[in-house]
Amino acid sequence: MQKIPDHIELGGGLNISRLVCGLWQVADLEKDGTTLDPEKAADALEAYAKAGFDTFDMADHYGSAEIITGRLLARYGKDQKRPLAFTKWCPEPGPMTAEIVRKGVQERLDRLGVDKVDLLQFHWWTFEHPAWLDALHEMARLKEEGLIGAIGVTNFDAAHLAVALADGVPLATNQVSFSLVDRRAAGALAELCARTGTKLFAYGTLCGGFLSDKWLGKSEPTEIPDWSRSKYKRFIDTAGGWEPFQGILAAAAEIGRKHGVSISNVASRWVLEHEAVAATIIGARISENEHRADNLNVFNFALDAEDKARLEEAFAATKPIPGDCGDEYRRPPFLTASGDLSHHLDAIPSVYKAEPMPGRPDRLRVSSGSVWEPIAGFSRAVRVKDVIRVSGTTATHGADRCVAPGDAGAQTTYILDKIAAAISALGGRIEDVTRTRIYIRDAAKWEPVSRAHGRVFGEVLPANTLIEAGDLVGDYEVEIEAEAIV
């Protein structure tokens, strides 16, 4: 029988457990303002570490989780192999200067009591604000300085993970939702990981405990007291509701009986067998009974073709979770612990500022800060009454830096974020776009460009023209203009 979790090598020489202990429970336990005793909580983590569960995941907003883990790490001498501590930095969108990024990283170092964060994962709320690239590049510089061991991201969709990688950011991991209910990560994200070597950390694998024997054949709950189950009940509802979910549980139960394991083991094993997945994240129990022995059962069996076919049969009765990984935080349906996040996103300031045009009370314009706008005498976008026209836009970051040189698909993703930000600053939305025109350097690259366009406009379906324009200025592969009616 398995005695400790399997381990896997990540970039940067990190040898991690394939069952990572997540510390989100700390925030739930401290939500009434009472802080856990850090030494007693560290005792609980030490028990996990001694049992081979030696990799911990937390975040800047998981209560005192970083401080508790710091107390654990302090128990190990410099010559001892200590547990690994992964954390997340989740700043509000805004300018990401070197000083701001260093401050965010230093706070992680101080709370953990270490000289280097083993893996620092970055979260960003809205890609319409382009400073996420500034933050990641600065984190890369701090990695070279030795303050960060490896860099990851959390809740990035495939398109924006591709932008970061094509722009030269050395990303080791992406932490996303992945389960028998939420299978989005098995699509474009897994394909990207296969090409680039980036690995996934899967959370929500047990849907907050719903993917367990406890819920097989049970009636749909009418009240859910904790935030975790509330979140994953939204996923279940979006995937078709309680009846199709019971179909998944029944299939997993059949497979579990065949192998002598639990439904939870089957659910975890299905995720772990995806090549893109480095590890699943399990909840580390600090104040409740732990389930280490049962969790280890995931390494005592493998799913065969019959098992996978039985699960696919159950999947067929469900609906796919819409969009890509991370969309649940950025667009409807908001599948989060607190539900609808539109008020939070609406409160985030636009990266651009709308300005009136002198002598033209019916006109507004925005500038993106490109060096070319004042030289050539144009605005990024202009609004006249209810019509917004966006100039030909390239993947220019800041004044003049070309994003993702040579990658037409990644540049298209970045451009469309920039267009969306300009339209938003002028009071519109991307759904208001009625016309786009795409100019590409090489017609042979039409497919990644078109797919990036389709990800944004697949439901809007504006009028569109795509033209091979030959040589564009600089390293740009694509230029796009747009029109919207508000």
Side-chain angles (χ1 to χ4, degrees), residues 21-32 62-63 155 176-185 202-257 261-271 280-291 294-295 297-298 310-311 313-323 325-329 331-344:
C21 297
L23 302 184
W24 63 81
Q25 184 195 32
V26 174
D28 202 35
L29 292 171
E30 295 181 338
K31 63 185 178 183
D32 63 353
Y62 288 1
N155 296 311
V176 295
S177 170
F178 198 5
S179 69
L180 293 175
V181 173
D182 179 11
R183 303 178 294 277
R184 294 172 297 172
Y203 68 82
T205 303
L206 301 183
C207 282
F210 278 117
L211 282 167
S212 66
D213 295 271
K214 174 183 176 180
W215 290 98
L216 179 63
K218 296 296 173 61
S219 299
E220 183 172 4
T222 55
E223 293 185 7
I224 302 174
D226 62 279
W227 66 265
S228 181
R229 285 196 180 95
S230 295
K231 172 180 179 177
Y232 292 108
K233 180 58 164 58
R234 292 188 177 96
F235 276 87
I236 291 168
D237 293 341
T238 303
W242 197 249
E243 185 175 345
F245 172 67
Q246 284 292 320
I248 291 177
L249 284 181
E254 289 176 25
I255 296 167
R257 287 192 293 270
V261 298
S262 67
I263 287 176
S264 296
N265 295 153
V266 173
S268 294
R269 184 72 205 179
W270 182 82
V271 172
T280 63
I281 301 176
I282 59 174
R285 305 287 181 169
I286 292 178
S287 63
E288 304 174 22
N289 293 330
E290 47 81 15
H291 303 287
D294 182 66
N295 285 325
N297 284 332
V298 301
R310 179 67 184 90
L311 289 171
E313 180 184 354
F315 296 159
T318 68
K319 300 176 182 177
I321 301 297
C325 295
D327 283 353
E328 65 269 29
Y329 290 94
R331 64 185 65 175
F334 291 103
L335 305 177
T336 68
S338 55
D340 190 343
L341 293 178
S342 57
H343 65 287
H344 170 77

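Only a predicted model underlies this, so the values are computations on that prediction, with no experimental measurement involved.
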Give me the ring orientation class for Phe210 and Trp215: parallel if the planes are under 30° apart, tilted from 30 to 60°, perpendicular past 60°.
tilted

Checking Trp270 against Val266 for the side chain to side chain contact (heavy atoms under 4.5 Å, CB included) test, could you report, in this order, the C-alpha distance in whole Å, the side-chain angles of both residues, the deciding distance, and whether it holds?
CA-CA 6 Å; Trp270 182 82; Val266 173; 5.5 Å; no

Checking the side chain of Asn265 only, and the main-chain atoms of Asp294 only, is there a donor and an acceptor separated by less than 3.5 Å?
yes

Calculate, to the nearest 0.5 Å, the distance between atoms CD1 and OG belonging to Ile263 and Ser268 respectively.
12.0 Å

Partners passing side-chain contact (heavy atoms from CB on, under 4.5 Å) against Lys319 (at least two apart in sequence or in another chain):
none

Answer yes or no: is there a side-chain heavy-atom contact under 4.5 Å between Trp242 and Lys233?
yes

Just so I know, are the side chains of Leu211 and Ile248 near enough to count as touching, which here means a heavy-atom distance under 4.5 Å?
yes

Under 4.0 Å between a Lys/Arg side-chain N and an Asp/Glu carboxylate O for Asp28 and Lys31?
yes

Pairing of Glu328 and Arg234 as salt bridge, 4.0 angstrom limit
no

Side chain proximity check, Lys231 to Leu335, heavy atoms < 4.5 angstrom:
no

Measure the shortest side-chain to side-chain distance between Phe178 and Tyr203 over non-hydrogen atoms and say whether it is less than 4.5 angstrom.
no

Closest heavy-atom pair, Ser262 versus Asp213, reported as atoms and distance to 0.1 Å, is CB-OD2, 3.4 Å

Checking Arg183 against Phe315: charged group under 6.0 Å from the ring centre and within 45 degrees of the axis?
yes

Output for pair (Gln25 CD, Tyr62 OH), nearest 0.5 Å, gives 12.5 Å

Check whether any side-chain heavy atom of Leu249 lies under 4.5 Å from a side-chain heavy atom of Lys218, and answer yes or no.
no

Do Arg184 and Ser177 have side-chain heavy atoms sitting under 4.5 Å apart?
yes

Can you find a heavy atom in the side chain of Thr205 that is under 4.5 Å from one in the side chain of Ile281?
no

Do you know the tightest heavy-atom contact between Ala314 and Gly247?
CB-O, 3.7 Å

Please list, chain by chain and in numerical order, all residues satisfying ring-ring contact (aromatic ring centres under 6.0 Å, His included) with Tyr232, sequence neighbours excluded.
Phe235

Are the side chains of Pro322 and Thr238 in contact, using a 4.5 Å heavy-atom criterion?
yes

